[in-house]
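See below for the structure under consideration.
What's counted below: heavy atoms across the whole structure, side chains too, no hydrogens, waters or symmetry copies.
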Amino acid sequence: MPKEFEIAREFEVDATPEQVWEAITTGTGGYLWPMEPPEPRVGGKGPFGSEVVAWDPPHRYTNRVEDVEGISEQSLNQLDYTVEPRDEGRRAWVRYVHSGIFVDDWDNQYDGAARHTDFYLHTLREYLVHFAPRPVAFATFDGPDASKAPDALEAVARALGLGDDVAAGARVTVRGPDVFEAVLDFRNPYFIGLRTDRALTRIFGRNHWGYPVGVSLHDFAPGAGGGEIKECEAEWQAWLNGVFSQT
């Protein structure tokens, strides 16, 4: 049965309100995925067929859509951002509210959306503090069907060389497609976040909700472009397939 939901989060970040505003409107590739910027007015066109219903830069932005493109489980979606200055504008306080209607599998959909929200907002803060406003090259892909297994994310963590005792904040040697040093900036049973001086690697344990493990790459290196990120994507895809003995 259709049922309304609301996911609300608040946080402070070492970035100005203007930097937050730029990230949530034009810099989404730095922490989510690249999207067309909203038309800068109430009534303008927003992402995924939405309409801008609040526009007050850099303090309030809301978009709303009643027929969500490509998501059969949802009939209404609204994203609302409120941004206020802190410390005379040197920092920002952000309130994010995601609301709408799930039409099926409510508990599973809500759990997945709420946990993804925490990871995406953490990644937003990582982007703002360490990389904004650098341009980004972005890629995202899924693992094979075998990565839907209940222990799939644990298998990825082991393959990366991340033992069970390695917690967020640790510096780690990552054994992915190549070996590199990184900060494990996020880790819980559902997600893994890795940060280097040039990139954010996000690993999504969507196996918990019946989907394959996913990976997103955000490369902020000067001059990084489509060809380089596609090569990196192919290397990570082959590595991820190999974790689950796929060819």
Side-chain angles (χ1 to χ4, degrees), residues 3-71 74-102 109-110 112-138 140 185-186 191 193 195 199-200 202 204 216 218 220:
K3 185 178 176 181
E4 294 182 358
F5 73 91
E6 180 177 288
I7 301 164
R9 300 288 188 267
E10 299 178 8
F11 62 89
E12 292 191 13
V13 61
D14 289 330
T16 67
E18 290 77 12
Q19 289 170 325
V20 174
W21 183 265
E22 182 176 354
I24 64 178
T25 56
T26 64
T28 56
Y31 66 99
L32 280 173
W33 52 83
M35 289 184 273
E36 284 294 321
E39 291 184 271
R41 59 181 178 85
V42 172
K45 182 180 177 181
F48 298 103
S50 66
E51 179 182 352
V52 176
V53 296
W55 184 265
D56 180 21
H59 304 297
R60 185 78 183 278
Y61 166 48
T62 310
N63 66 59
R64 179 182 178 91
V65 59
E66 294 193 8
D67 294 309
V68 184
E69 296 178 5
I71 305 179
Q74 196 172 350
S75 63
L76 173 66
N77 194 70
Q78 179 169 292
L79 304 178
D80 178 77
Y81 301 85
T82 302
V83 185
E84 295 181 359
R86 294 289 188 267
D87 297 337
E88 299 180 342
R90 293 185 294 272
R91 304 179 74 248
W93 171 87
V94 181
R95 177 174 169 80
Y96 169 84
V97 182
H98 180 194
S99 60
I101 297 174
F102 288 133
Q109 294 295 325
Y110 180 84
R115 295 187 188 279
H116 275 75
T117 293
D118 292 332
F119 191 39
Y120 284 136
L121 293 180
H122 168 82
T123 303
L124 169 60
R125 295 192 292 275
E126 291 291 293
Y127 166 65
L128 286 166
V129 171
H130 297 283
F131 298 106
R134 289 156 61 177
V136 63
F138 173 80
T140 189
D185 67 87
F186 192 98
F191 307 102
R195 187 187 76 241
L200 293 169
R202 313 284 96 178
F204 300 86
S216 291
H218 308 258
F220 303 94

With sequence neighbours excluded, tell me which residues meet side chain to side chain contact (heavy atoms under 4.5 Å, CB included) with E12.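 Result, side chain to side chain contact (heavy atoms under 4.5 Å, CB included) vs E12: R86, R91, W93.
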Partners of R90 by side chain to side chain contact (heavy atoms under 4.5 Å, CB included), sequence neighbours excluded?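 Checked R90 against side chain to side chain contact (heavy atoms under 4.5 Å, CB included); matches are D87, E88.
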What pairs of residues pass the side-chain hydrogen bond (donor to acceptor under 3.5 Å, both in side chains) test when at least one of them lies in residues 30-49, not counting sequence neighbours?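 Applying side-chain hydrogen bond (donor to acceptor under 3.5 Å, both in side chains) to every pair that reaches into residues 30-49, excluding sequence neighbours, yields nothing.
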Keeping to residues at least two apart or across chains, list the side-chain hydrogen bond (donor to acceptor under 3.5 Å, both in side chains) pairs with something in residues 51-65.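 Sorted pair list: R60-D80, Y61-N63, T62-D80, R64-Q78.
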Just list the side-chain donor-acceptor pairs under 3.5 Å for residues 123-131, sequence neighbours left out, or say none.
{"from": "T123", "atom 1": "OG1", "to": "F119", "atom 2": "O", "distance (Å)": "2.9"}
{"from": "T123", "atom 1": "OG1", "to": "R202", "atom 2": "NH1", "distance (Å)": "3.2"}
{"from": "R125", "atom 1": "NH1", "to": "L121", "atom 2": "O", "distance (Å)": "3.4"}
{"from": "E126", "atom 1": "OE1", "to": "R195", "atom 2": "NH1", "distance (Å)": "2.6"}

Of all heavy-atom pairs between [X] and [Y], which one has the smallest distance, and what is that distance?
X: A92; Y: P17; result: CB-N, 3.9 Å
X: S216; Y: T140; result: OG-OG1, 3.0 Å
X: P37; Y: T26; result: CB-CG2, 4.0 Å
X: Y96; Y: L79; result: OH-CD2, 3.4 Å
X: R9; Y: A114; result: NH2-O, 3.7 Å
X: A15; Y: V20; result: CB-CG2, 4.4 Å

With rounding to the nearest 0.5 angstrom, report the CZ to CZ distance, R115 to F191.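 The CZ atom of F191 is 8.0 Å from CZ of R115, to the nearest 0.5 Å.
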What distance do F186 atom CZ and D118 atom CG have between them, rounded to the nearest 0.5 Å?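 With rounding to 0.5 Å, CZ (F186) is 6.5 Å from CG (D118).
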Taking C-beta and beyond as the side chain, do F11 and H122 meet within less than 4.5 Å on heavy atoms?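 SC-SC contact between F11 and H122 ruled out.
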Could you check whether any side-chain heavy atom of F5 comes within less than 4.5 Å of a side-chain heavy atom of N77, counting everything from C-beta outward?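 Yes, close enough: below the 4.5 Å cut-off.
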Who are the salt bridge (Lys or Arg N to Asp or Glu O under 4.0 Å) partners of E18, not counting sequence neighbours?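 Scan of E18 (salt bridge (Lys or Arg N to Asp or Glu O under 4.0 Å), adjacent residues dropped) gives none.
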Taking the six-membered ring for Trp, are Y120 and H116 parallel (under 30°), tilted (30 to 60°) or perpendicular (over 60°)?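 Plane angle between 30° and 60°, so tilted.
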